[in-house]
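To find a chain, count down the sequence lines: A is the first, B the second, and so on, and within it residues start at 1.
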There are 2 protein chains.
Amino acid sequence: MATIYDVSVLAGVSLATVSRVMNNNTKVSDKTRQKVLDAMASLGYRPNTIAQSLASNCSNSIGVLVSQLDGPFYGPMMTEIETALRSANKHVIIAAGHADEEQEKDGVDFLMSRGCDALILDVEAVSDEFLLQLHKGNTPIVLINRYIDSMKENCIFLENERGGHMATDYILSLGHKDIAYISGPMYKRDARDRLQGHQRALSEHGLMFDPALWFEGNFREFGGSDGMRHLLSLKKHFTAVVCASDQMASGAIAVCLEQGIRVPEDISFIGYDNIPFPQYISPKLTTVSNPINEMGKMAALWVLQHVYKSEKVDVNCSFSPELFVRDSAKRIK
Amino acid sequence: MATIYDVSVLAGVSLATVSRVMNNNTKVSDKTRQKVLDAMASLGYRPNTIAQSLASNCSNSIGVLVSQLDGPFYGPMMTEIETALRSANKHVIIAAGHADEEQEKDGVDFLMSRGCDALILDVEAVSDEFLLQLHKGNTPIVLINRYIDSMKENCIFLENERGGHMATDYILSLGHKDIAYISGPMYKRDARDRLQGHQRALSEHGLMFDPALWFEGNFREFGGSDGMRHLLSLKKHFTAVVCASDQMASGAIAVCLEQGIRVPEDISFIGYDNIPFPQYISPKLTTVSNPINEMGKMAALWVLQHVYKSEKVDVNCSFSPELFVRDSAKRIK
DNA sequence: CTGTTAGCGCGTTCAG
DNA sequence: CTGAACGCGCTAACAG
């Protein structure tokens, strides 16, 4: 591999000059520049990024920690992050935290020790205090899907209460009055916020939230099917089920179909997240969006702007869910 | 940040000694070692991996290039790769090729310039020659989902012909004789192999492959729905549809359900890949597995073994699909 | 505008 | 077993 030295010899200039044309931060005369460029081309020179990092104390790498790499969320998110960052010639180092405090801390440590210039974190198990502590350090961090008031400029999040309200409000607008709710696990902030939005919508319509028609799921498909089986076993009357995630909605709908309950004729459903898959199955799922991909992109732009001082876009931290009306919910007779 | 120098001063030893205890490759007396360890602990010393890389000419990073980060495949694959590699304290740098030759080459270039010790590639657009060329270079590469005879020790792949055979053989065992086929795009090797397996199964049962009942899809949901609509419009008789991917099967089944065609009572379906989602919807999809996660893990182990000389596991390169019988295909009357 | 000269933090000879 | 010295490839003052 050719080095900067080889180039400088071939071009008949000094090391520093070669460095300058690479980073073009200092003026270099056009003809020296051309000589250098030619030399680089004929040697097939590729800068050694490791050496650059060591010398400049900037690794050009961004650590991304997510709870899991599989599932419908992080793929789209990573896609956007990778695209945005790579076009700026930064690279992304990934780590998974698996929603476990130990592993999340471990992941952060790992990325830190890798000399990342910034961290993009989508963590859930770790405490606010831990994150605030991290925030005080030298490595900038951005939080996705999390809101901490005292560091809100570093947070990119979805207005979950609003989304929860939106979903239920739509169901109510269809004339439903007896509504079951399958929530996420209550120890998660977003699950609580969505439920709260649901309750607000109900009370705005003069309806009571009935805890008996509430099942605490886990955001996954089987949480939805468990919930549905439970609700059905209650023998209580309801015409619609609001689910706090598309995955749960899919699991719940599957249980209905298996039991000969028609969707949406007998029971209406609405999900949350707008993941791709349920758009393609029958009935197509009505839902509220969780623009996790855009949030990923925004996090990348935040880093580009705050850490690398490029990209003069204005990043907005708060994202609004949107309603996607499809076929799983219908007006009640 | 404390450096090796700070440690050496505090411990009252030389730089070299500190380096030795870190890499414990040379004998160091127990008591000097302890002094160093204590010094490191009290300084909270963390080695600078960038400097280590530069000095040792080994970046401890592995580049992973996949066609896309989203979708149901790469998540699980990345999960396994990340887990295996991180526990060995290696880090993974990701890039996406988007099934485009230009972008795939670009991605390889990018990862190379990042000083990766090895590359794990899941590429489809790039030519065999390009990969062979790369193989001749100094950076070891592993290919996932691709077989090139002259570098087969570096290939990790699924026996797609066999899987294609397996799926159709099962459908045939259920008594079906009029079978439609929705394939992947023919420019992809795995699509061709799966189709070939399908045809072999047919001919083993004395059946002819009917090109009229074949639709060339794209492995995606809408490819399946397009295909199903096309097949239905033919007004030809068939009792089963073999799909070359679960996503296509899901799209196809959705079209049937919309049109009041019952699955599997009227038409049986079998998919390919065994992605998570269709296991949770109704009817649960019968399919053949594509253990992409295990292949990812194997790739990681291959790297650990061949590049870092650790992990004395035997990596096997060829993976066999397995049949997963669920509810979307039934015996014909 | 360009060349010289120090480092960046660590691994690795080579003597002792 | 330990220390001194050099070098990895590049950036960043500092002179000219």
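- Terminal axes of the helix from C/dC1-D/dG16 to C/dG16-D/dC1 (five pairs each, C1' rotation axis) are separated by 40°, to the nearest 10°.
- Contact annotation: the side chain of A/I292 never approaches that of A/E80 to less than 4.5 Å [non-hydrogen atoms, C-beta and beyond].
- Distance, B/N48 CG to D/dC10 P: 17 Å, rounded to whole Å.
- DNA chain C lies under 4.0 Å from at least one heavy atom of each of the following residues of residues 2-10 of chain B: B/T3, B/I4.
- Residues of residues 28-41 of chain A that place a heavy atom closer than 4.0 Å to DNA chain C, in numerical order, are A/V28, A/S29, A/T32.
- A/Y45 and A/T3 share no side-chain donor-acceptor pair at under 3.5 Å.
- Separating the CD atom of A/Q52 from the P atom of D/dC10 is a distance of 7 Å, rounded to the nearest angstrom.
- Of the two residues near DNA chain D, A/V18 and B/S14, the one whose nearest nucleotide lies more 5' is B/S14.
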Could you go through nucleotides 13-16 of chain D and list every protein N or O atom that sits under 3.5 Å from one of its N or O atoms, giving the distance for each pair?
unit_1: D/dA13; atom_1: N6; unit_2: A/R20; atom_2: NH2; d: 3.4

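- Side-chain N or O atoms of A/E104 include one that pairs as donor or acceptor with a backbone N or O of A/A125 at under 3.5 Å.
- Between B/D109 and A/R46 there is a salt bridge, since at least one side-chain N of the basic residue sits less than 4.0 Å from a carboxylate O of the acidic one.
- To the nearest 0.5 angstrom, A/L65 atom CG is 9.5 Å from A/Y74 atom OH.
- No more than 12 heavy atoms of other residues, nucleotides or ligands shown are found within 6.0 angstrom of CG on A/N57.
- With a 4.5 Å cut-off on side-chain heavy atoms, A/M78 and A/V92 count as touching.
- The separation between A/N23 atom CG and D/dA12 atom C1' is 10 Å, rounded to whole Å.
- Tested against B/I62, the residues B/I93, B/I81, B/I120 include a single side chain to side chain contact (heavy atoms under 4.5 Å, CB included) partner, B/I120.
- Between A/N25 atom CG and D/dC10 atom P the separation is 15 Å, expressed in whole Å.
- Residue B/T17 has its side chain nearest to D/dG3 when only D/dG9, D/dA12, D/dG3 are considered.
- Checking each of A/L134, A/L131, A/I156, A/L119 against A/L143 for a side chain to side chain contact (heavy atoms under 4.5 Å, CB included) leaves exactly one that passes, namely A/L131.
- Within the structure, salt bridge (charged side-chain N to carboxylate O under 4.0 Å, His left out) pairs that include any residue of residues 7-30 of chain B do not occur (at least two apart or interchain).
- Between A/D128 and A/R146, at least one side-chain N (NZ, or NE/NH1/NH2) sits under 4.0 Å from a carboxylate O, which counts as a salt bridge.
- Side chains of A/Q52 and A/N48: a donor-acceptor N/O pair is absent below 3.5 angstrom, by distance only.
- Atoms CG (A/N24) and C1' (D/dT11) sit 14 Å apart, rounded to a whole Å.
- Distance alone, capped at 3.5 Å, places no donor-acceptor pair between the B/R114 side chain and the A/I50 backbone.
- Sequence order on DNA chain D of the closest nucleotides to B/T26 and A/Y45 puts B/T26 first from the 5' end.
- Extent of DNA chain C lying under 4.0 Å from chain A heavy atoms, first and last nucleotide in 5' to 3' order, is C/dC1 to C/dG9.
- Between the CG atom of B/L54 and the P atom of D/dG9 there is a distance of 7 Å, rounded to whole Å.
- Looking only at side-chain heavy atoms (C-beta outward), A/T79 and A/N293 stay at 4.5 Å or farther from each other.
- In this structure, B/K27 atom NZ and D/dC1 atom C1' are separated by 11 Å, rounded to whole Å.
- When only modelled atom types and interatomic distance are considered, B/N60 and B/Y308 share no side-chain donor-acceptor pair under 3.5 Å.
- Side-chain atoms of B/H306 come within 3.5 Å of backbone atoms of B/W302 as a donor-acceptor pair (strictly under, hydrogens ignored).
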